[in-house]
Number of protein chains: 2
Amino acid sequence: MLSNASKYAIRAVLFLAEKSEMHQKYSAVEIAEALEIPNHFIAKLLQQLAKNHIISSTKGPNGGFYLNAKNLQLKVCDILNVIEIKKVFEGCFLGLPKCSDVNPCPVHHVVAGFREKILVKFEHQTIQEFADEVKLKGTFISHKGLSPSI
Amino acid sequence: MLSNASKYAIRAVLFLAEKSEMHQKYSAVEIAEALEIPNHFIAKLLQQLAKNHIISSTKGPNGGFYLNAKNLQLKVCDILNVIEIKKVFEGCFLGLPKCSDVNPCPVHHVVAGFREKILVKFEHQTIQEFADEVKLKGTFISHKGLSPSI
DNA sequence: TATAAAAAATACTAAATAGTATTATATTAA
DNA sequence: TTAATATAATACTATTTAGTATTTTTTATA
């Protein structure tokens, strides 16, 4: 459903959001290591996000990527609009050109419920709120260091 | 989430299921036209399904593809196991390697509900039952002939 | 002001998915 | 037994996504 690029980008932004209180910056390499994702790939994605003002960056020594107050008020959808070409959550699960409540495909109603939920989250919840929720609930944006047996 | 190949294959099998009472056979070309999908592409998929005994076929004049009683008792998952290389509904929505109820990603619980529903349907409902449901509910496996404005 | 650290830009290669074209084989029926 | 029809098999091309490598630019600081 999401491309690897989008998955990496969302996790990277959540990583930066979690760290944003400390006002520290993180290099692409540090982020790649923390999330166990390809170094050069995430660097390119972060650059795209920075260019589109979804995240912030400064060059040079002690530079890196970070989120400012404005960035923290953006939504996951703002990330996806930069990374993903096509609208991810549009498009019928079975590929019908005009699938809708009126002309539903055989799984339309099963999918529609999920789509609604995830769309509300990604369109309305701010990155700040999302990151707070991650902290509160103790969910994971990386499995680094997790016991290999689990 | 599903590849085009899987989408086409599921719709083609539902098409054949709907027609199975008439004991008529349908050529790849006829199926392609009815579902408005690429001719050669669906032909190749139908051949794969036939080779794996998911659907039935006979060559020659008046030949074509059809479903026998045994085929009608199969599940959508049986189709996917032939067409799709990787398990479609495994794998974390955000790409975490060990996402689970124990180590959930930030959207795990939103996704898990949907995944459960669609998986139950695709694993347990027979093609026959699925096709009956399509007929009963009047859902669409093609939008061919639908007014272009809708 | 030279150096090093970091993003930014550019240009690739590789792999997976999507789709097309051609030829061979089987079967029916005239 | 020949012609027509349809699947089966094989071999492609094109596009998208994923990932890598290299060079340029900016900037802090020694």
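Numbered from 1 within each chain, the chains take letters A, B, ... in sequence-line order.
- Side-chain atoms of A/Asn103 never come within 3.5 Å of backbone atoms of A/Ser100 as a donor-acceptor pair (strictly under, hydrogens ignored).
- A heavy-atom distance below 4.5 Å is found between the side chains of B/Ile127 and B/Val76.
- With hydrogens and angles ignored, the 3.5 Å screen pairs a side-chain donor or acceptor of A/Asp78 with a backbone N or O of A/Lys75.
- Residues A/Leu45 and A/Ile42 have side chains in contact (heavy-atom distance under 4.5 Å, counting atoms from C-beta outward).
- The pair B/Lys121-B/Glu133 meets the salt-bridge criterion, since a charged nitrogen lies less than 4.0 angstrom from a carboxylate oxygen.
- Contacts between residues 35-57 of chain A and DNA chain D, defined by a heavy-atom separation below 4.0 Å, involve A/Pro38, A/His40, A/Phe41, A/Lys44, listed by number.
- Note on the helix from C/dT1-D/dA30 to C/dA30-D/dT1: angle between the axes of the first and last five pairs equals 10°, rounded to 10 degrees.
- Listed for the B/Glu129 side chain is a donor-acceptor partner under 3.5 Å among the backbone atoms of B/Thr126.
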Derivation of the side chain to side chain contact (heavy atoms under 4.5 Å, CB included) call for B/Ser142 and B/Arg11: CA-CA 8 Å; B/Ser142 167; B/Arg11 289 169 59 203; 4.3 Å; yes

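- Checked against side chain to side chain contact (heavy atoms under 4.5 Å, CB included), B/Asn39 has the following partners two or more places apart in sequence or in another chain: B/Val29, B/Ala32.
- Taking a cutoff of 4.0 Å between a charged side-chain nitrogen and a carboxylate oxygen, A/Lys135 and A/Glu21 qualify as a salt bridge.
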Quick one: which protein N/O atoms are closer than 3.5 Å to N/O atoms of nucleotides 23-28 of chain C? Pair and distance per line, please.
residue, atom, partner, partner atom, Å
C/dA26, O4', B/Lys59, NZ, 3.3

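- Taking 4.5 Å as the limit, some side-chain heavy atom of B/Thr58 sits within range of a side-chain heavy atom of B/Lys25.
- A heavy atom lying under 4.0 Å from DNA chain D marks the following residues of residues 1-33 of chain B, by number: B/Tyr26, B/Ser27, B/Ala28.
- The side-chain heavy atoms of A/Glu18 and A/Val134, taken from C-beta on, include no pair separated by under 4.5 Å.
- More than 12 heavy atoms of other residues, nucleotides or ligands lie within 6.0 Å of NZ in B/Lys144, so this atom counts as buried by the packing criterion.
- Residues B/Tyr8 and B/Phe41 place their aromatic rings such that the two centres sit under 6.0 Å apart.
- Of the N and O atoms on the side chains of B/Ser3 and B/Glu84, at least one donor lies less than 3.5 Å from an acceptor on the other residue.
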Candidate pair A/Tyr66 and A/Tyr26, rule ring pair (Phe, Tyr, Trp, His ring centres under 6.0 Å), full reasoning: CA-CA 7 Å; A/Tyr66 63 99; A/Tyr26 291 84; over 10 Å; no

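- Listed in residue order, the members of residues 63-79 of chain A having a heavy atom less than 4.0 Å from DNA chain D come to none.
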